[in-house]
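Reviewing the structure listed below.
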Amino acid sequence: QVRLVESGGGLVQAGDSLRLSCAASGLTFSQITMAWIRQPPGKEREFVAGITWSGGNSDYANSVKGRFTISRDNAKNTVYLQMNSLKPDDTAVYYCATPGTYRAPLYRSIYYYKSWGQGTQVTVSS
């Protein structure tokens, strides 16, 4: 059974940085594509960043490109999201997710992702 557990959220001020972590279990982590998806208050979920199972390809939403970096440590079964220059618009619940099949490609559609963590709240004050 796939289990994804996010951590690292919190309350910060605009311009600050945070690093989110997502620990995975119940699967062969080195073979799965991972993504970070967020849901701002009162809005739909949106793709933030993703990284392929090999780590060779990543993708970012335009709104975070140049500020956020996704990475993975297969030895720790963990994917990270380093968030710099945070803005109030980055306030959201952040989820990690995986399509759940091995060696899957990377897509931005949130409907592509079948297994999700419980989420971690990030609040950026102005």
Side-chain angles (χ1 to χ4, degrees):
Q1 183 177 355
V2 177
R3 185 167 185 241
L4 304 174
V5 179
E6 301 95 337
S7 61
L11 172 63
V12 297
Q13 293 187 331
D16 286 351
S17 298
L18 273 178
R19 188 176 80 154
L20 305 183
S21 301
C22 171
S25 60
L27 40 69
T28 303
F29 183 75
S30 62
Q31 301 293 304
I32 62 166
T33 290
M34 296 295 299
W36 286 97
I37 291 166
R38 68 186 181 186
Q39 186 165 20
K43 297 183 179 180
E44 299 288 321
R45 292 186 182 185
E46 60 185 17
F47 175 88
V48 176
I51 187 167
T52 54
W53 60 273
S54 66
N57 188 32
S58 58
D59 190 25
Y60 297 89
N62 290 339
S63 59
V64 306
K65 201 170 290 185
R67 300 188 298 122
F68 290 12
T69 303
I70 189 170
S71 61
R72 64 189 299 153
D73 184 339
N74 288 343
K76 295 182 178 180
N77 286 4
T78 301
V79 63
Y80 303 98
L81 185 68
Q82 178 66 44
M83 305 186 294
N84 298 331
S85 302
L86 283 162
K87 305 175 181 180
D89 283 349
D90 295 319
T91 295
V93 177
Y94 284 73
Y95 301 90
C96 64
T98 175
T101 54
Y102 290 137
R103 301 195 174 192
L106 176 60
Y107 294 115
R108 292 188 177 189
S109 171
I110 64 169
Y111 304 103
Y112 175 64
Y113 296 90
K114 305 305 181 186
S115 296
W116 297 68
Q118 84 288 349
T120 186
Q121 177 71 46
V122 173
T123 303
V124 184
S125 64
S126 58

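- Atom-to-atom distance recorded for Glu44:CD and Ile110:CD1 is 7.0 Å, nearest 0.5 angstrom.
- One distance of note links CG of Asn77 with CZ of Arg72; it measures 9.0 Å at 0.5 Å rounding.
- In this structure, NZ on Lys43 lies 10.0 Å from OG1 on Thr91, to the nearest 0.5 angstrom.
- Within the 4.5 Å cutoff, side-chain heavy atoms of Tyr95 are placed close to those of Val93.
- Taking each heavy atom of Pro88 and Ala14 in turn, the nearest pair found is CD-CB, 4.1 Å.
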Could you go through the side-chain contact (heavy atoms from CB on, under 4.5 Å) check for Asn84 and Phe68 one step at a time?
CA-CA 6 Å; Asn84 298 331; Phe68 290 12; 6.0 Å; no
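- In this structure, CG in Leu106 is found 5.5 Å from CG in Asp59, a value given to the nearest 0.5 Å.
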If you look only at distance, which donor and acceptor atoms sit under 3.5 Å apart when one is on a side chain in residues 46-53 and the other is two or more places apart or in another chain?
| residue | atom | partner | partner atom | Å |
| --- | --- | --- | --- | --- |
| Glu46 | OE2 | Arg38 | NE | 2.6 |
| Glu46 | OE2 | Arg38 | NH2 | 3.1 |
| Thr52 | OG1 | Ser54 | OG | 3.4 |
| Thr52 | OG1 | Gly56 | N | 3.4 |
| Thr52 | OG1 | Asn57 | N | 3.1 |
| Thr52 | OG1 | Asn57 | O | 3.2 |

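- Using a 4.5 Å heavy-atom cutoff, the side chains of Met34 and Leu4 are in contact.
- Pro99 approaches Lys114 most closely through the heavy-atom pair O-CG, 3.5 Å.
- Transitive grouping of hydrophobic side chains (ILVMFWY, heavy atoms separated by less than 4.5 Å) keeps Ile37 and Val122 in distinct clusters.
- Donor-acceptor pairing under 3.5 Å is recorded for the side chains of Arg103 and Gln31.
- Looking only at side-chain heavy atoms (C-beta outward), Ile70 and Val79 come within less than 4.5 Å of each other.
- Put simply, the side chain of Trp116 does not reach to within 4.5 Å of the side chain of Val2, judged on heavy atoms.
- Side-chain atoms of Val12 and Met83, non-hydrogen and from C-beta on, never get closer than 4.5 Å to each other.
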Self-check item: Verdict with reasoning, Cys22 to Trp36, per side-chain contact (heavy atoms from CB on, under 4.5 Å)
Solution: CA-CA 9 Å; Cys22 171; Trp36 286 97; 3.7 Å; yes
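- In this structure, Leu20 and Glu6 have side chains that are not in contact, with every pair of non-hydrogen atoms separated by 4.5 Å or more.
- The aromatic rings of Tyr112 and Tyr107 sit perpendicular, their planes meeting at an angle over 60°, well past the 30° parallel limit.
- Between the Thr98 side chain and the Thr33 main chain, a donor and an acceptor come within less than 3.5 Å of each other.
- Considering OH of Tyr113 and CZ of Arg108, their distance stands at 10.0 Å, rounded to 0.5 Å.
- Other residues, nucleotides and ligands contribute more than 12 heavy atoms inside 6.0 Å of the NZ atom of Lys65.
- Closest of all the heavy-atom pairs between Tyr102 and Thr28 is OH-N, 3.0 Å.
- The shortest non-hydrogen separation linking Asp73 to Tyr80 is CB-CE1, 3.9 Å.
- Two residues are said to be in side-chain contact when any heavy atoms from C-beta on lie closer than 4.5 Å; Phe29 and Thr78 fail this criterion.
- Atoms OG and NZ, from Ser126 and Lys87 in turn, are 13.5 Å apart once rounded to the nearest 0.5 Å.
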